Protein chains: 2
Amino acid sequence: MPKSDSGTVSGRRLDHPETSRIRLEAVLSALADPVRLSIVLALDEGHEDMACVSFALPVSKSTSTHHFRVLREAGVIRQYYEGTARKSSLRTADLEGRFPGLLAAVLDAERARRG
Amino acid sequence: MPKSDSGTVSGRRLDHPETSRIRLEAVLSALADPVRLSIVLALDEGHEDMACVSFALPVSKSTSTHHFRVLREAGVIRQYYEGTARKSSLRTADLEGRFPGLLAAVLDAERARRG
DNA sequence: GTCGTACTACGATGGTTGTCAAACTACGAG
DNA sequence: CTCGTAGTTTGACAACCATCGTAGTACGAC
C-alpha cells in the first residue's frame with residue numbers, strides 16, 4: 001500500500017503531471033469552464049487549505065470531483081489527502097515557469113469580470 | 001442587400017462581438033484547440049492578409065470554415081470579404097484591452113513549444 | 001467494532017464539438 | 001455566359017464532456 005507524505009494512507013493514487021509536461025491546450029481547456037474558473041479563483045484568493053466541499057459549488061459532489069480531477073490532470077492544481085479531506089492548492093509557480101503570465105492574465109480577467 | 005466597406009457584396013453577414021462583450025471563457029475555449037492555435041499563431045506572425053486556404057491546415061475545407069467561425073464569434077479574429085477570398089486578422093488590440101497579457105502569454109507559450 | 005463525513009467510481013444521459021463529404025453560393029476571369 | 005476558385009451550408013457521425021444519482025471506499029471519532 002502506498003503512503004502519502006502527509007502520513008495518511010490514500011486509497012487511490014493522485015497523479016500529477018510533471019511541470020515540464022504540462023500542456024498548453026490542457027490548461028486552456030481546463031480554465032475554459034465556469035465552475036473550474038471559480039475553483040481556481042478561490043484557490044488563488046488564499047483558500048489553499050480548503051477541502052472540496054467548502055467551495056459551495058453549484059454542482060453535485062460527483063461533478064465537483066470531476067472538475068477537480070480535470071484541473072489536477074491538466075497540471076493547474078495539486079491535491080493531497082489529509083484525513084478524509086482532500087486539500088487542493090494552485091500550482092502557481094509551476095505554471096508561471098512554464099507559461100509566464102498566463103495564469104495571472106486569466107485570473108485578472110476573471111476578477112475584473114466579477115466586479 | 002448589405003454592402004461591406006471593401007466594396008464587394010457579401011452573401012452572408014459576418015457578426016463579430018463588440019470588444020466589451022468578448023467573453024473570457026469563449027476566448028479560452030477558442031484557443032484550446034490545436035488547429036485554431038495554429039491559425040492564431042500564423043496570423044500573429046504577419047500573415048494578416050492570408051485567405052483561409054493559404055494556411056495549409058490538416059483538415060478539410062468545411063472544418064476550416066468551422067474553426068474560423070469559432071475564432072470570429074469568440075472575438076479573437078476579424079474577417080472580411082475581398083473578392084472570393086475571406087481575409088482574417090487578429091484582434092490583438094481589442095483583446096489586449098479587454099484581457100491584458102492573455103493573448104501574448106498564449107502566443108509566447110505556443111511559440112516556445114514549437115521550438 | 002459502529003457511525004458519520006468526505007470523497008471516489010460507475011453507469012447513464014443529454015448536449016456540445018471536431019470531423020467529413022456533398023451540394024450550394026459568390027466572385028473574378030475569359 | 002461559362003468556368004474555376006474560394007468559401008459556406010447542411011446533414012451526418014463519432015467522440016467527448018458536464019451533469020447526475022447511486023453505490024462504494026477511506027478515514028476519524030466514539
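These numbers come from the heavy atoms of this one structure, side chains and all, not from hydrogens, waters or symmetry mates. Note that the coordinates shown come from a computational prediction; the quantities given were computed from them, not determined experimentally. Below, read A as the first sequence line, B as the second, and so on, with proteins coming before strands; counting in each chain starts at 1.
For A/Tyr80 and C/dA6, the OH to P distance is 16 Å, given to the nearest whole Å. Whole-Å rounding puts the A/Ile77 CD1 to C/dC7 P distance at 12 Å. The separation between B/Leu71 atom CG and C/dT17 atom P is 13 Å, rounded to whole Å. One can place CZ of B/Phe68 at 8 Å from P of D/dG7, the figure rounded to the nearest angstrom. Separating the CZ atom of B/Arg69 from the P atom of C/dT17 is a distance of 11 Å, rounded to the nearest angstrom. Rounded to an integer number of Å, the gap from CG of B/Leu57 to P of D/dA6 is 14 Å. Taking atom NZ on B/Lys87 and atom C1' on D/dA6, their separation rounds to 12 Å, with Å as the unit. Rounded to an integer number of Å, the gap from B/Leu14 CG to D/dG7 P is 12 Å.
The side chain of B/Arg36 contributes an N or O atom lying less than 4.0 Å from OP1 or OP2 of C/dG18. Taking side-chain N and O atoms only, A/His66 has no distance below 4.0 Å to OP1 or OP2 of C/dC7. Dashed line: the shortest gap from a side-chain N or O of A/His67 to OP1 or OP2 of D/dC17 is not under 4.0 Å. Residue A/Thr63 places at least one side-chain N or O closer than 4.0 Å to OP1 or OP2 of D/dC20.
Where A/Ser29 and A/Ser62 each meet DNA chain D at their nearest nucleotide, the meeting point lying more 5' is that of A/Ser29. Positionally, the nearest nucleotide of DNA chain D for B/Ala85 lies more toward the 5' end than for the other of A/Asp33 and B/Ala85.
Residue-to-nucleotide contacts include no donor-acceptor pair under 3.5 Å from the side chain of B/Ser60 to the base of C/dA21.
Heavy-atom neighbours of A/Arg114 CZ from other residues, nucleotides or ligands within 6.0 Å: above the threshold of 12.
There is no side-chain donor-acceptor pair under 3.5 Å between A/Arg78 and A/His16. Using a 3.5 Å distance cut-off with no hydrogens or angles, the side chains of A/Ser62 and A/Thr65 do not pair a donor with an acceptor.
Placement of A/Val70 and A/Val35 in two distinct hydrophobic clusters is found when ILVMFWY residues are connected by side-chain heavy-atom separations under 4.5 Å, directly or transitively.
Comparing C/dC7, D/dT19, D/dT9 by their nearest atom to the side chain of A/Thr65 picks out C/dC7. Ranking C/dA6, D/dA6, D/dT10 by closeness to the A/Lys61 side chain, first place goes to C/dA6.
In this structure, A/Ile22 and A/Pro17 approach most closely via the heavy-atom pair CG1-CG, 4.4 Å.
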